[in-house]
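Down below is the structure, laid out as structure tokens.
Both backbone and side-chain heavy atoms feed into the values below; hydrogens, waters and symmetry mates do not.
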Amino acid sequence: QVVLEESGGGLVQAGESLRLSCAASGRTGSIQQMGWYNRGLGNQRELVARINNEGATVYAESVKGRFTITRDNAGNTVFLQMTNLKPEDGAIYYCFAENDLGSRDWGQGTLVTVSS
């Protein structure tokens, strides 16, 4: 079991930036990758970005060039730097951590709102 605590969500204007953080605690030694999903209005939860223990990253096409995922492995913290935010980025963002058995733990979510 990994406990994930997200922070950094808020209300911003289009074009502004926001940085999300997710701190993992518990059985963090088993983590293989961490990342972020979001759930917008009328949408299912979708992958935004992920990063594995080797630093390899995957991004949703819609955020490439605007969002950057990083991970502080020593601190068991993953970040999502979001720049040039668009109204369609507005969603609840959920952090996940996946262990070596493929099991995932999830944060409670942090709300990002982008006004036009």
Taking all non-hydrogen atoms of both residues, which atom of Ala14 and which atom of Pro87 are closest, and how far apart? CB-CD, 4.1 Å

What pair of heavy atoms forms the shortest contact from Ala24 to Met34, and how long is it? CB-CE, 4.1 Å

Give the C-alpha distance, both sets of side-chain angles, the deciding distance and a yes or no for side-chain contact (heavy atoms from CB on, under 4.5 Å) between Gln33 and Thr57. CA-CA 10 Å; Gln33 65 175 341; Thr57 58; over 6 Å; no

Are side-chain heavy atoms of Val63 and Val48 found at a separation under 4.5 Å? yes

Quick one: pull up CZ in Arg50 and CG in Leu80 and give me the separation to the nearest 0.5 Å. 14.5 Å

Distance check, rounded to the nearest 0.5 Å: Leu20 atom CG versus Ile69 atom CD1? 10.0 Å

What ring pair (Phe, Tyr, Trp, His ring centres under 6.0 Å) pairs are there with at least one residue in [range], not counting sequence neighbours?
range	answer
residues 1-20	none
residues 14-58	Tyr37-Phe96, Tyr37-Trp106
residues 3-24	none
residues 46-67	none

Excluding sequence neighbours, so at least two apart, what forms side-chain contact (heavy atoms from CB on, under 4.5 Å) with Thr70? Thr68, Phe79

Donor-acceptor pairs are to be reported for all side-chain atoms of residues 3-10 against protein atoms at under 3.5 Å, with residues two or more places apart or in another chain.
from: Glu6; atom 1: OE1; to: Gln108; atom 2: N; distance (Å): 2.9
from: Glu6; atom 1: OE1; to: Gly109; atom 2: N; distance (Å): 2.5
from: Glu6; atom 1: OE2; to: Cys95; atom 2: N; distance (Å): 2.5
from: Glu6; atom 1: OE2; to: Gly109; atom 2: N; distance (Å): 3.4

Just to verify, what does Asn38 make a side-chain hydrogen bond (donor to acceptor under 3.5 Å, both in side chains) with, not counting sequence neighbours? Tyr93

Does anything in residues 32-61 pair up under disulfide bond (SG atoms under 2.5 Å apart), and if so which pairs, sequence neighbours excluded? none

Counting only N and O atoms by type, is there a donor-acceptor contact under 3.5 Å from the side chain of Asp72 to the main-chain atoms of Asn76? no

Can you list every side chain to side chain donor-acceptor pair (under 3.5 Å) pair that touches residues 8-27, not counting sequence neighbours? Gln13-Ser115

Let me check something: do Val12 and Met82 share a hydrophobic cluster, defined by ILVMFWY side-chain heavy atoms less than 4.5 Å apart, either directly or through other members? yes

Could you state whether Val2 and Tyr94 fall into the same hydrophobic cluster, counting links through intermediate Ile, Leu, Val, Met, Phe, Trp or Tyr residues with side-chain heavy atoms under 4.5 angstrom apart? no

Please list all pairs passing the salt bridge (Lys or Arg N to Asp or Glu O under 4.0 Å) test where one or both residues lie in [range], with sequence neighbours left out.
range	value
residues 40-49	none
residues 100-116	Glu98-Arg104
residues 78-92	Arg66-Asp89

